[in-house]
2 protein chains.
Amino acid sequence: MDIPTFNSRDCGTCPIRHRAVCARCEPDELLELDKIKYYRNYEAGQPVVWSGDQLDFVASVVTGIAALTQTMEDGRTQMVGLLLPSDFLGRPGREITPFDVTAVSDLTLCCFRRRPFEKLLSLTPNVSQRLLEMTLDELDAAREWMLVLGRKTAREKIASLIAIIARRESKLQSSQAENAARFELPLTREAMADYLGLTLETVSRQISALKRDGVIELMGNRQVHIPDFRVLLSETGDDADGGMPA
Amino acid sequence: MDIPTFNSRDCGTCPIRHRAVCARCEPDELLELDKIKYYRNYEAGQPVVWSGDQLDFVASVVTGIAALTQTMEDGRTQMVGLLLPSDFLGRPGREITPFDVTAVSDLTLCCFRRRPFEKLLSLTPNVSQRLLEMTLDELDAAREWMLVLGRKTAREKIASLIAIIARRESKLQSSQAENAARFELPLTREAMADYLGLTLETVSRQISALKRDGVIELMGNRQVHIPDFRVLLSETGDDADGGMPA
DNA sequence: CGATTACTTTGATCCAGATCAATAAGGGAC
DNA sequence: GTCCCTTATTGATCTGGATCAAAGTAATCG
């Protein structure tokens, strides 16, 4: 993950300008992007949009975490996506969001008004290629997650979720000296349950079990320490090699 | 879903040229696409690629059905995607497939060698926009499916699967005069189980139950008749309005 | 045509995770 | 500090779907 520093300040804040785009865009493409860009902030728990509502912008996550959830007629809910920094939200060519979007932690979005963004897309192959890449990544992650939902046991689900978060978090601080890691769990037990297709009681029980078995250590409810990452991975049920991008 | 007939024969066979692309492409972009295009055929059951293998082409489905599946260390498998005609397979910018691709029925793919296709992508905004659209559709479908896997009961899962297939099939023949439909189930019980995160016994039991309750009628094992589509939908657990694209 | 093989249905039992219910532990605000 | 409220843990019981086991039904092939 090399971040070319065409313009270091902006590259750090707007994922659509990150990497690929920055490296290859013409300066005036970037100017165009900047002209229609603005930031929005949400507090933890606050809704971004409801399913069925108009979403008049597309955005990418700068900091914080957003959840995509779907709700059934009788109120059962399933989280169908977890947007971490640099993930993309919304889609060009569609006005309506098919799921609820909620800020799970304090959240900053880098937004682009839809119309100008779409226009820009049709003119600049690099921007749309970058967007395609991001979308394909999210699709891979979604499919990875289907395996988790469809076939894993409760214990494996918890281990998988912790592994994914650990990987994303420690990628940011990239301080994973060896096989240990330490980070903050950004989700409540309920949110985890919602993501994993479990109940919050089961989540709690399995976390306790992993703690008891020495796979993870908890300081308070959120601060996690993983003494040996390989042990955690062996609990996910995944293939030793290929497992888990996201 | 209007299919503009820029060139009716080709539009019917190559989904990447369908719709959006056909309507907006310059003739020479289409020529470029045609130059690097070729067809491949697979028999039902035959593998297209294995997880981890090189995939030196990208493709879209012309006829038949392909399944994307992932396998866990201990052999548990989960289908993570079902590619129906016009769906896209493979991704520009990545050589390796992260899941097994198998022909579920006899299958024809419209293939493009990777390199020339990527080059074309970077030059023609319309083609990459079209591809982006298709990818976003698949992403939506994947997320829809996460709800099915995470929160639905076995009966609801079966009803959802039948509803999705019915919608895709009858879209093709668009002969759904009123609320009835009749079509071929293209999957074995085992493949359904694999997609739904169930066992084949449970699939069989639930299909029998839906038959007993008059929601569906079977002639042989594969031919399905749905007397009233709305009854089937009420069994999916989805919201009356917003439910199930894909 | 019967034989072999693959697919499907149905039955009996078991167990992982849901559900119901209570208690404990943080974490602000005052 | 105490009170209130949200989040988390733990226990007891129940149940939907898995698992194990056995027929039943098509399809394919010599």
Side-chain angles (χ1 to χ4, degrees), chain A residues 43-46 72 74-78 102 104-106 148-162 184-213 216-224 235 237, chain B residues 43-46 72 74-78 102 104-106 148-162 184-213 216-224 235 237:
Chain A
E43 292 169 22
Q46 212 182 340
M72 295 174 65
D74 60 4
R76 279 175 283 173
T77 70
Q78 170 69 48
T102 320
V104 170
S105 62
D106 289 349
V148 174
L149 287 173
R151 293 297 183 199
K152 290 194 177 181
T153 65
R155 176 183 254 247
E156 288 168 338
K157 284 178 175 180
I158 298 288
S160 300
L161 179 59
I162 294 179
E184 187 92 359
L185 261 189
L187 300 172
T188 66
R189 301 287 184 267
E190 187 177 24
M192 288 188 239
D194 205 5
Y195 202 8
L196 295 165
L198 297 169
T199 58
L200 64 94
E201 293 95 326
T202 300
V203 169
S204 182
R205 270 184 249 276
Q206 295 301 332
I207 287 180
S208 299
L210 288 174
K211 192 168 53 178
R212 177 167 28 71
D213 298 346
I216 62 175
E217 289 160 21
L218 286 187
M219 316 173 58
N221 280 329
R222 299 297 192 81
Q223 192 69 23
V224 183
E235 294 285 346
Chain B
E43 291 170 22
Q46 213 182 339
M72 294 174 66
D74 61 3
R76 280 174 284 173
T77 70
Q78 171 68 49
T102 320
V104 171
S105 62
D106 289 349
V148 174
L149 288 174
R151 293 297 184 200
K152 291 194 176 180
T153 65
R155 176 183 254 245
E156 288 168 338
K157 285 178 174 179
I158 298 288
S160 300
L161 179 59
I162 294 178
E184 187 91 1
L185 261 189
L187 301 171
T188 65
R189 300 288 184 266
E190 187 177 24
M192 288 187 237
D194 205 7
Y195 201 8
L196 296 165
L198 297 170
T199 58
L200 65 95
E201 294 95 326
T202 300
V203 169
S204 182
R205 271 184 250 275
Q206 295 301 333
I207 287 180
S208 299
L210 288 174
K211 192 167 53 177
R212 177 167 28 73
D213 298 346
I216 61 175
E217 289 161 21
L218 286 185
M219 317 171 60
N221 280 330
R222 299 297 193 81
Q223 192 71 24
V224 183
E235 293 285 346

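In the text below, chain A, chain B and the rest are named by the order of the sequence lines, each starting its count at 1. Quantities reported herein were computed from a predicted structural model and do not represent experimental measurements.
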Between [atom2] of [N] and [atom1] of [X], the distance in whole Å:
X: A:Lys157; N: C:dA16; atom1: NZ; atom2: P; value: 14 Å
X: B:Ile158; N: C:dT8; atom1: CD1; atom2: P; value: 12 Å
X: B:Leu149; N: D:dG17; atom1: CG; atom2: C1'; value: 15 Å
X: A:Gln223; N: C:dG26; atom1: CD; atom2: P; value: 14 Å
X: B:Met192; N: C:dT8; atom1: CE; atom2: C1'; value: 10 Å
X: B:Lys211; N: C:dT8; atom1: NZ; atom2: P; value: 12 Å
X: B:Met219; N: D:dA26; atom1: CE; atom2: C1'; value: 16 Å
X: B:Leu185; N: C:dC7; atom1: CG; atom2: P; value: 15 Å

*Is the shortest heavy-atom distance from the side chain of A:Arg76 to the side chain of B:Glu156 under 4.5 Å?*
yes
Phosphate-side-chain proximity, [X] and [N], N/O vs OP1/OP2 below 4.0 Å:
X: B:Arg222; N: C:dT8; value: yes
X: A:Thr202; N: C:dA18; value: yes
X: B:Thr199; N: D:dA18; value: yes
X: B:Ser204; N: C:dT8; value: no

*At what distance, to the nearest 0.5 angstrom, does CZ of B:Arg205 lie from CG of B:Leu200?*
9.5 Å
*If you round to the nearest 0.5 Å, how far is OG1 of A:Thr153 from CD of A:Gln206?*
7.0 Å
*Would the number of heavy atoms belonging to other residues, nucleotides or ligands and lying under 6.0 Å from CD of B:Glu184 be above 12?*
yes
*Determine whether more than 12 heavy atoms belonging to other residues, nucleotides or ligands lie under 6.0 Å from atom CD of B:Glu217.*
yes
Which of the following nucleotides, [options], is nearest to the side chain of [X]?
X: B:Gln206; options: D:dG17, D:dT9, C:dG17; value: D:dG17
X: B:Ala154; options: D:dG17, C:dT9, C:dG17; value: D:dG17
X: A:Glu201; options: D:dC20, C:dG17, C:dT19; value: C:dT19

*NA contact type, B:Gly45, heavy-atom cut-off 4.0 Å: base, sugar-phosphate, or nothing?*
nothing
_Sugar-phosphate only, base, or nothing, as touched by A:Leu198 at under 4.0 Å among non-hydrogen atoms_ = sugar-phosphate
*Does any donor-acceptor pair link the side chain of B:Arg205 with the base of C:dG11 at a separation under 3.5 Å?*
yes
*Map A:Asn221 and A:Arg155 onto DNA chain C by nearest heavy atom, then report which one ends up closer to the 5' terminus.*
A:Arg155
*Nearest-nucleotide 5' precedence on DNA chain D, A:Arg151 against A:Leu200*: A:Leu200
